[in-house]
Amino acid sequence: MRMSKRIAGNSFTKKLLAGAAFGIGLTLAGQAGAVEIEYWQYIFDTRVKAMDQLIGKFQAANPDIKVKQTTFPYADYQTKVSAAVAAGNGPDVVQLFYGWLDGFVAAKLIQPLPKDVFPGAAIEADFFPIVSAMKRGEDYYGLPTAVRSLALFYNKKLLADAGLDPNTPPKTLDDLVTMAEKTVKRDGAGNITSEGFALDMAGQDHQWWREVLVRQFGGAPYAEGDRKVTYGDAAGAKALAFYTDLQLKQKVGQLGFMDEAQAAFKAGKATFTIDGTFRLGAFSAIKGFEWGVAELPANAQGVRSNYASYFANAITAKAEGEKKAAAAKFLAYLSSPEAMEVWLKVVGELPARRAVALTDANLANPIHGPFLAGLTNAHTTMFVDEAAQRQITMDMVNRVLLQGQSPADAVAAAATAEQALIDRVTKK
Amino acid sequence: MHEAPATPGTERRAGRLSDRLTLSAKRVLWAWLFLAVPVVFYGAIRFWPTAEAFWISFTDWNLLRPAQFVGLDNYRRLLADPLFWKVFANTFLYLILGTPVSLVLSFAIAYHLDRVRFLHGFLRALYFLPFLTTAVAMAWVWRYFFQPVPIGPINNLLASLGLPAQPFLRSTLQALPTILVPAVWAGMGFQIIIFLAGLRAIPTSYYEAARIDGLSERAILWRITLPLLKPTLVFLVVFASIGFLRIFDYVYNMNTNDPGGPLDSTKPLVIMIYQTAFKSYDVGYASAQTVVLFLILLAISLLQLRLMRQPT
Amino acid sequence: MTALSKARPGRVVAWTLLFLGGIVMVTPILFMFSTSLKDSSQVFDLRLVPAEPTLDNYRTILEDGRFLRWFLNSLFIAVLATVSNVFFDGLVGYTLAKFRFPGRRLVFLAILSTLMIPTEMLVIPWYLMASRFGWLDSYWGIVFPGLMTAFGTFLMRQFFETVPDDFLEAARIDGLNEFTIWWKVAMPLVTPALSALAIFTFLGNWTAFIWPLIVSTRAEMFTLPVGLSSFSVEQSVAWEMIMTGAAIATLPTLLVFLVLQRFIVRGVMLAGLKG
Amino acid sequence: MATIALEKLVKRYGPATIVQGIDLSVAEGEFVVLVGPSGCGKSTTLRMIAGLEDASEGVIRIDGRVVNQVEPKGRNIAMVFQNYAIYPHVTVAENIGFGLYTSKLPKAEKQARIQEVARSLGLEALLDRRPAQLSGGQRQRVAIGRAMVRNPSAFLFDEPLSNLDAQLRGQMRIEIKRLHQKLGATSVFVTHDQVEAMTMADRIVVMREGRILQIGAPMELYERPVDVFTARFIGSPTMNLLPGALASRDGADGVALEDGDAFVRPPIALVGNRAGGGGPKVLLGVRPHDLLLKAAPDSAAFTLSGTVAVVETLGTETLVHVDIGRRSVVGLAPGRIVPSPGQRVTLAADPAALHLFDAATERAFPRPLLQQP
């Protein structure tokens, strides 16, 4: 208690000092006193570039506001933001994963969006519904520029090599398995040298399993606003068995092959992988690499599902007065159709406003189309601790793959563990 | 008396100071003057944080919310946490596998290297080189080595020899020993050099006397070399043990996708501390883990003192 | 070679085994350099000597600019820590060895006792301290915990105890003040120990990982190991790039070693025996 | 040059008193040697004079000024140490120059001073060398040069020769002595070696257990030791001491020895009750060099007869260990006479050369100065 009081005290004195400095700055600089606000996001080449463009455009339109972009690696992003904001030297506008919202709100790192600039009704009318994950009570705490969904990436060359039509990706899970079996390559000793399907639980597969496979095998991952785990049943076990069989039975992929699924796919050593919009830039950058995107395969009954997520931008608790107004202005720009189009072009992520996203051109686009289609039946997991929940799913798969546990036992154990985690976090 | 006379002013001032202080008092003043900054440093950067760590371990602080005193809750939670016991077992596995393997290898190499004259310096350099590498860099090099086909050189070698590929880092059984390989590899250079120094310090007359008495080389090794090497051995055992108990860099970097290895099979205590503190912000719980680490290391250090005090 | 041919066969076998073992020891390092000279298409070609060696990877990495920055950060931090340790550990070790004053034993035991406190235990309070005082993401934040070490102090004390008092008293009679006696007379007398301390401190700070990982957030403030780690994660399986980064992190210490081999080995021996 | 005076000087380390209130005054230009076994407080005394240690009690004066709390540099003294204390990391010239470290002399003058000192010590050719390249004697000379360069008012020597081999030690003794004669500097020299004390000192101060036993010129100490300790400490080989008791025989007062039936009448005023044979116990001392092997001693001589046990031939003379009763005494065989072990011999001494000590107090009976025959 003593500790955080000190932090609070410290940040308070800092605020005082900053306020004083700001006052002095105003009187001295007079009309030239532009407000400077700081924006933080993690390092991801295309995102940083897109943001540079947006800041440039924003500053041109608002000469009295200066925006400084700070970036750092995704690893530990959340910790660093918390620590910096707690220490009083954090950003004014910060990017955060929607799943972190509760933590940020509880820690008073961010403040609700001002309702005059961001009326709730307008948000609900214009944005995709998954934006509601940013709503607590009557308040919205952030808005995304873009949203992301999952899709099936396929390597055209490997399909053609196996005598398959490179332009007909699998439509169902069964198709996926068959085509993966046809395209997998093994050496004399039986080691996989090129995967049919790249397994990677640490990547996007855990989302695919949780929100897509579980539903497609007749279950539901969660209930009660994602506070009750419900996948620990026969449907969950079937979904898990489908996934682990890819390695154990059909032997079309191997967890850890080339370290990561996206790496294997990028290296042309995997026919299929499931990944998100954010990977588009990285794959497009490779010369002579022919790949395509398809909507996630449906099950035999034609049931489809998807997982959508997004990084939202929020105003930190630190921004006050002039800075808060400037931050709100900047955030409004970041959520504008113009910003979304820039983002789509540069990063490849889908616009968060329905009207901007669902244009005919976008829907017909061979790459954006499947992602947009996925968005219509997407679910968004309300994580309490994204990393820990992913770890539980990874461990579940490992127990089956490495320790020979039955999928039913593994899925039951995972459900128990995840429920305990959720209970512990939400109780506090 | 060519000495330039001091000016009267300085003379008087010096006189007044010396009137008040004896020589030894001035010496004491100098000593504390020298120690002033370091004493503040050790107090603020070592002792205060240590006390703080103990204090935090009795709270439920998680960086984001105010801390509350919770007594021994964190320790109770630790004892009931299966992950802790897994991690505890892993940490000791690193210790009881790593220490003997690296010391036996290092001693065998040093023992023979000591007798080699031809290109001695060159051979020594080959063994010493890994000690100068950066653990993070080498963790990635070794991670590359242990990749499955088609990347990993070791598995490719196995495949070309017609041997079955090994999962290494992707196996709950093999992952921990796999991580130990680079850790042992990097530490050996230091141990070999220290062994060499210890061997050099044994007077040759002991060996000469033993040879005249007709002892075999093996008997000389067991009856003379090893007993006389005891201080070196104790030092290295403790040094290596503490190193393995605190292993972090290799584990962190060799398993970034699934930190701590598949099903936590490689996770040592320090990784758990790091994750609890800096990934989950569970600072109170993490502090309790550091207290446990402290107690383990303390036990090892005390053991060292006892071994050192025993007469050879 | 005559020396070899005269030797007993057992010795020749031992030598050969030692030689092969030594080659195995440096293979990872050689492989790292070799892979760093290959382009992505040759990475899986396991020949030690690249078919078409290229410096492109180095060029790419250095053009990126981050590595240069990390390199300079590491260098600055390691040098700062080394200078500080040589100065303060030397000063404290000297005072504890050569002065008699009330509290001497207490100070000595207190400093010695910090050897038993693992840094892992301190990183959390250090982190809080750094965040409280705004030291996160600064050179000072990375370097402050290591400005003095109990190990170095203890090492220096051991060495200063072997310096005869006569040396210091002669200087005292010559009218040098206590600070000058330490700096001009005592310190030069323990040069081998100082170089051992310097080598250890530099290496320790050059390769340090966990604390810089925790305390630095912005890429500009990373040290080489932290930068390399995040770079490698980001590159995922661009092994030739990862190996190049690793090579850049390893190269400086190896080069210094090649130049100062005898010196460094002696320093390690000294520190190991006295420490 | 300076005078040094110590008044009731005491040094305590915790409960132990190392120096127990000594008084000593050293005259200008005098060469005083403090001698005694290790732990007698001689080095501590010297270090208190130098200002390296505080005096627990008492006063130290240099040239009449009380310097108890003056830093060493304020006392204008120089000191030469046992380990030379010359620094391995700087050259000979710089080592010598260290003595001028705090002086405000111009550089050129410092150089001139170093050159001058080097010349007087024969070190000119070595000025650019490092100490590691010097022999032991050369190093010692550098240490002396470093002390000389400041023209101090007094030199203090703390066992400066004990690290040298025997031959070099003899040589350096002479060199220091000669230097002292040339510079005439007040010097205090500490040693545990009585030969050094005898050969170099103007005055010797014999110390034991923190106290001064005797102060005097070398020959005075040799001839008139005030107690058993000094008598045995000064002179080599050590003085023979034979236990006995004061007695009267044939109406004459004398000493009856415990061994043999020798009765001797030394020319010493014998005080005390010597009724019968049970008088006070005494120790009769005779230096080996006064106890000569003689075939036919004259009747006045003090004689002892016994069997030769061991013979030490030294070339110029031969020391003969003779068993007399349960004791062994050392005598001298003059010239080239070498007796063989087992031989019965008679040793004789001039009664005037005898010393007599009270066995209980170990104090000497007052003894007249030996008259030269």
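Each chain gets a letter, A, B and so on, in the order the sequences are listed, and its residues count up from 1. Not measured: the values here are computed from a predicted model.
- Taking the six-membered ring where the residue is Trp, the centroids of F99(C) and W30(B) are separated by 6.0 Å or more.
- In this structure, the side chain of W140(B) does not engage the main chain of M243(C) through any donor-acceptor pair within 3.5 Å.
- S232(C) touches chain B through backbone and side chain together, each having a heavy atom under 4.5 Å away.
- For a residue to count as touching a neighbouring chain, one of its non-hydrogen atoms must lie under 4.5 Å from one of that chain's; by this rule I117(C) touches chain B with backbone and side chain alike.
- Interface residue R200(B): only side-chain heavy atoms are found under 4.5 Å from chain C.
- Under a 3.5 Å cut-off, the side chain of R46(B) and the backbone N or O of A110(C) do not form any donor-acceptor pair.
- In this pair, F118(B) and W15(C) present their aromatic rings tilted. The plane angle is within the 30 to 60° band.
- When heavy atoms are compared at a cutoff of 4.5 Å, A247(C) does not approach chain B at all.
- Contacts of Q289(B) with chain C are absent, with no heavy-atom separation under 4.5 Å from either backbone or side chain.
- Atom CZ of R117(B) sits in a crowded spot, with more than 12 heavy atoms from other residues, nucleotides or ligands closer than 6.0 Å.
- Of the two parts of L115(C), neither the backbone nor the side chain holds a non-hydrogen atom closer than 4.5 Å to a non-hydrogen atom of chain B.
- Heavy-atom proximity under 4.5 angstrom to chain C picks out W185(B), M188(B), F190(B) from residues 182-190 of chain B.
- For chain C, the option among D249(B), L269(B), I300(B) with the highest count of heavy-atom pairs below 4.5 Å is D249(B).
- The main-chain N or O of T149(C) is found under 3.5 Å from a side-chain atom of Y42(B) such that the two form a donor-acceptor pair.
- Ring geometry, F128(B) versus F257(C): the interplanar angle falls from 30° to 60°, so the pair is classed tilted.
- For P252(C), no part lies under 4.5 angstrom from a heavy atom of chain B.
- Judged by distance alone, the side chain of Y127(B) and the main-chain N or O of L18(C) form a donor-acceptor pair under 3.5 Å.
- Both the backbone and the side chain of L132(B) come within contact range of chain C, judged by heavy atoms closer than 4.5 Å.
- Proximity to chain C is absent for every atom of A25(B), based on heavy atoms less than 4.5 angstrom apart.
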query: Does the salt bridge (Lys or Arg N to Asp or Glu O under 4.0 Å) test come out yes or no for E52(B) and R132(C), once each step is laid out?
result: CA-CA 14 Å; E52(B) 213 174 3; R132(C) 225 176 284 155; 2.8 Å; yes

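- Contacts between V116(B) and chain C at a heavy-atom distance below 4.5 Å involve the side chain alone, from C-beta outward.
- The aromatic rings of F145(B) and F31(C) sit perpendicular, their planes meeting at an angle over 60°, well past the 30° parallel limit.
- Contact annotation for V265(C): both backbone and side-chain heavy atoms come within less than 4.5 Å of a heavy atom of chain B.
- Annotation: F41(B) is not in aromatic contact with F144(C) [ring centroid separation under 6.0 Å not met].
- At a 4.5 Å heavy-atom cutoff, V256(C) makes no contact with chain B through either its backbone or its side chain.
- No hydrogens or angles considered: a donor-acceptor pair under 3.5 Å links the side chains of R246(B) and T119(C).
- Ring orientation note: the planes of F209(C) and F248(B) are tilted relative to one another, at an angle of 30° to 60°.
- Neither the backbone nor the side chain of F239(B) comes within contact range of chain C; no heavy atoms are under 4.5 Å apart.
- Using a 4.5 Å cut-off between heavy atoms, I151(B) contacts chain C through both its backbone and its side chain.
- For chain C, the option among V291(B), L157(B), L126(B), L293(B) with the highest count of heavy-atom pairs below 4.5 Å is L126(B).
- The contact between I23(C) and chain B is made by backbone and side chain atoms together, counting heavy-atom distances below 4.5 Å.
- Both the backbone and the side chain of M116(C) come within contact range of chain B, each with at least one heavy atom under 4.5 Å from a heavy atom of that chain.
- Checking R100(C), E178(C), K98(C) one by one against R27(B), the side-chain contact (heavy atoms from CB on, under 4.5 Å) holds for a single residue, E178(C).
- Note on I273(B), V39(B), V270(B): by heavy-atom pairs under 4.5 Å with chain C, the leading option is V270(B).
- Between chain C and the options P130(B), S24(B), P49(B), heavy-atom pairs under 4.5 Å are most frequent for P49(B).
- With respect to chain C, the highest number of heavy-atom pairs below 4.5 Å among G43(B), P38(B), A53(B), G121(B) belongs to P38(B).
- Only the side chain of Y94(C) comes within contact range of chain B, with heavy atoms under 4.5 Å apart.
- Heavy-atom pairs under 4.5 Å with chain C were tallied for L236(B), N253(B), L297(B), L113(B); the largest tally goes to N253(B).
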